[in-house]
Amino acid sequence: MGIDTERDIEANLQIGPTDAGMVRIFVEGNGIEIPMDFDPEEAEEIAEEIRSAAARARAIPQK
């Protein structure tokens, strides 16, 4: 199992600020809720990692 392992799992993703000045990524699916709070700097690092992964994914030939 790994990041390349395809799964048939549905989940909802919400992202927004908290009243404590953090950025929350909230994942919900199959009766499980996962709130993850990050300070704004960490959130910006995560956003950059997502942008970088998207750019690399675009470079992979589509099947």
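Reckoned from all heavy atoms, side chains included, excluding hydrogens, waters and symmetry mates.
In the hydrophobic clustering of this structure, Ile15 groups with Ile32; members are Ile, Leu, Val, Met, Phe, Trp, Tyr whose side-chain heavy atoms approach within less than 4.5 Å, directly or through other members. Both Ile25 and Ile50 are assigned to one and the same hydrophobic cluster, defined by single-linkage of ILVMFWY side chains at heavy-atom distances under 4.5 Å. Hydrophobic clustering of Ile, Leu, Val, Met, Phe, Trp and Tyr side chains at less than 4.5 Å, counting indirect connections, keeps Met22 apart from Ile34. Hydrophobic cluster membership is shared by Met36 and Leu13, with clusters built from Ile, Leu, Val, Met, Phe, Trp and Tyr side chains linked at under 4.5 angstrom.
Counting heavy atoms from C-beta on, the side chains of Glu44 and Val23 never come closer than 4.5 Å.
Heavy-atom minimum distance, Ala43 versus Phe38: N-CB, 4.1 Å. For Arg24 against Thr18, the heavy-atom pair with the smallest separation is CB-CG2, 3.7 Å.
Residues satisfying the salt bridge (charged side-chain N to carboxylate O under 4.0 Å, His left out) criterion with Glu48, sequence neighbours excluded, are Arg51.
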